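Okay, structure first, notes after.
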Amino acid sequence: EVQLVESGGGSVQAGGSLELSCALSGYTYNSYCVGWFRQAPGREREGVAAIDSDGKTTYADFVEGRFTIYRDNGKHVLYLRMNSPKPDDTAMYYCAAQSVRWSGGTCLGAYEYTFWGPGTQVTVSS
């Protein structure tokens, strides 16, 4: 059984930093993407960052170089380092993993992912 569990969320001031972690257990689809998504109240879930098995990373435009996604394959942990967060980054953040690679996909589409964690809340104050 594949399980994803996020941690590291909380409250942070704008301009600070925060690091999210996602522990992946039972996940053996090592050829595909894993990523971070977020959803704010009243808004659709959107892709934040993704990384594939070759270490190639993809970021949403709104990240603007402030976040870094990386993975520790040995420990089966995915991270999202958030530097200089803004109040607009306030949302529930979700870790996700693919079970199939979508042809033409960017790895930032929620539809591309099969497995999801329960989420961790990030609140950025001004």
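Please read all numbers here as calculations on a predicted model, not as lab measurements. Below, each value reflects all heavy atoms present in this structure, side chains not excepted, and no hydrogens, waters or symmetry copies.
P85 and G16 get closest at one heavy-atom pair: CD-O, 3.0 Å. Heavy-atom minimum distance, A60 versus G47: CB-O, 3.3 Å. For the residue pair L4 and P118, the shortest heavy atom distance occurs at O-CD, 3.3 Å. Taking every heavy atom of both residues into account, A49 and Y59 meet most closely at CB-CD2, 3.5 Å.
With a 4.5 Å cut-off on side-chain heavy atoms, F115 and S99 count as touching. Put simply, the side chain of Q121 does not reach to within 4.5 Å of the side chain of E6, judged on heavy atoms. In this structure the side chain of V122 reaches within 4.5 angstrom of the side chain of M82, judged on heavy atoms. In this structure, the side chains of S25 and H76 stay at 4.5 Å or more apart for every pair of heavy atoms.
Listed by first then second residue, pairs satisfying salt bridge (Lys or Arg N to Asp or Glu O under 4.0 Å) with a partner in residues 28-42 read R38-E46, R38-D89, not counting sequence neighbours. For residues 103-113, the set of pairs meeting the salt bridge (Lys or Arg N to Asp or Glu O under 4.0 Å) definition, not counting sequence neighbours, is empty. The salt bridge (Lys or Arg N to Asp or Glu O under 4.0 Å) contacts involving residues 48-59 comprise nothing, where partners must be two or more places apart or lie in separate chains. Residue pairs meeting the salt bridge (Lys or Arg N to Asp or Glu O under 4.0 Å) criterion with at least one partner in residues 116-125, sequence neighbours excluded, do not occur; the list is empty. The ring-ring contact (aromatic ring centres under 6.0 Å, His included) pairs that include a residue from residues 80-99 number zero, where partners must be two or more places apart or lie in different chains.
Every residue meeting the ring-ring contact (aromatic ring centres under 6.0 Å, His included) condition with Y27, not counting sequence neighbours, appears here in chain and number order: Y29. Annotation: side chain to side chain contact (heavy atoms under 4.5 Å, CB included) contacts of A23 (sequence neighbours excluded): none. Every residue two or more places apart in sequence or in another chain was checked for a side-chain hydrogen bond (donor to acceptor under 3.5 Å, both in side chains) with S84, and none qualifies. With sequence neighbours left out, the side-chain hydrogen bond (donor to acceptor under 3.5 Å, both in side chains) criterion links S17 to R81. Y70 is linked by a ring-ring contact (aromatic ring centres under 6.0 Å, His included) to Y79, counting only residues two or more places apart in sequence or in another chain. Judged as a salt bridge (Lys or Arg N to Asp or Glu O under 4.0 Å), and not counting sequence neighbours, E1 has no contacts.
Atom CG of L78 is separated from atom OG of S21 by 8.5 Å, given to the nearest 0.5 angstrom. Atom-to-atom distance recorded for R71:CZ and C33:SG is 8.5 Å, nearest 0.5 angstrom. The distance from the OG atom of S126 to the CD atom of Q13 is 8.5 Å, given to the nearest 0.5 Å.
Two different hydrophobic clusters hold Y113 and L24 under the rule that ILVMFWY side chains link at heavy-atom gaps under 4.5 Å. Hydrophobic clustering, with ILVMFWY side chains joined whenever heavy atoms are under 4.5 angstrom apart, groups W36 together with F62. Note: the hydrophobic cluster containing V48 does not contain M92 (ILVMFWY, side chain heavy atoms under 4.5 Å, direct or indirect links). Using a 4.5 Å cut-off between side-chain heavy atoms of Ile, Leu, Val, Met, Phe, Trp and Tyr, with links allowed through other members, I69 and F67 fall into the same hydrophobic cluster. Cluster membership for V5 and L18, using ILVMFWY side-chain heavy atoms within less than 4.5 angstrom, is not shared.
V100 forms part of a hydrophobic cluster together with W102, Y111, judged by ILVMFWY side-chain heavy-atom separations under 4.5 Å.
With hydrogens and angles disregarded, a donor-acceptor distance shorter than 3.5 Å links the side chain of T120 to the backbone of G9. In this structure, R43 contributes its side chain and A40 its backbone to no donor-acceptor pair below 3.5 Å. In this structure, the side chain of T90 engages the main chain of V124 through a donor-acceptor pair within 3.5 Å.
E44 CD: 12 or fewer foreign heavy atoms inside a 6.0 Å radius. The neighbour count for E19 CD, taken as heavy atoms of other residues, nucleotides or ligands under 6.0 Å away, is above 12.
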